[in-house]
Amino acid sequence: MKMRIAAMAGVAGLTGMLALAGPAQATEATPAPKVAASGDTCLYAAGGYACFISYGDKFEVGDYKADGLRVIADWETDYGRSGECHHTGGSGTYGICNYDMREDSRVRFRVVLRDGATGPNASATAWTGWIPIG
């Protein structure tokens, strides 16, 4: 996992975004990885995926189907915080949303495929179980 984080840190222009008012937008579109790193929790849907990376409190959201839908990691914590990490980079790319979560808590998420930022959900996976953040 550390090698993957280090490699991703080297991608020019890749910066995290905080969810303040509205959905977080995944940063720069980059080629999608083929395998999740050890220690990440990933969930796959028909057209995309989302992974929670506990080291750094990040979500990686990727698209692997040219269907015009955005891929979203819809998440919530056990202390009442929630948000959405949107990826609009297109098929074959992924992005990262960086958050600052309580390290002594847990998060769960699901993958949503949606037509636009506020359009109807085309599909959604079931929620993951609760995942330790820190």
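Reckoned from all heavy atoms, side chains included, excluding hydrogens, waters and symmetry mates. The structure presented is a predicted model; accordingly, all values stated were derived computationally and were not measured.
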Quick check against the 3.5 Å criterion: does Y64 have a side-chain atom that pairs as donor or acceptor with the backbone of G48? yes
Measure the SG-CG distance between C51 and L43 for me, rounded to the nearest 0.5 Å. 9.0 Å
F59 ring center near F109 ring center (under 6.0 Å): yes
Give, for atom CH2 of W127 and atom CZ of R110, the distance between the pair rounded to the nearest 0.5 Å. 5.0 Å
Hey, could you give me each pair passing salt bridge (charged side-chain N to carboxylate O under 4.0 Å, His left out) that has a residue in residues 120-134? Not counting sequence neighbours. none
For residues 114-134, the salt bridge (charged side-chain N to carboxylate O under 4.0 Å, His left out) pairs (sequence neighbours left out) are E84-R114
Distance-minimising heavy-atom pair for G56 and N98: O-OD1, 2.9 Å
When every non-hydrogen atom of D63 is compared with those of G90, the smallest separation belongs to CB-O, 3.4 Å
Candidates L113, T93, V112 - the one meeting side chain to side chain contact (heavy atoms under 4.5 Å, CB included) with V71: L113
Do V107 and I72 share a hydrophobic cluster (ILVMFWY, side-chain heavy atoms under 4.5 Å, transitive)? no
Do the two ring centres, one from W75 and one from F52, sit under 6.0 Å apart? no
Atom OG in S54, atom CD in E103: separation rounded to 0.5 Å? 8.0 Å
Using 0.5 Å steps for rounding, measure from the CG atom of D78 to the CZ atom of R106. 5.0 Å
Treating T125 as the side-chain partner and A45 as the backbone partner, does any N or O pair qualify as donor plus acceptor under 3.5 Å? no
Point-to-point distance, once rounded to the nearest 0.5 Å, from CD1 of I131 to OG1 of T41: 4.0 Å
Does R102 offer a backbone N or O that forms a donor-acceptor pair with the side chain of Y79 under 3.5 Å? yes
For D57, check side chain to side chain donor-acceptor pair (under 3.5 Å) against everything at least two apart and list the hits. none
To the nearest 0.5 Å, what is the distance between CG on D74 and NE2 on H86? 8.0 Å
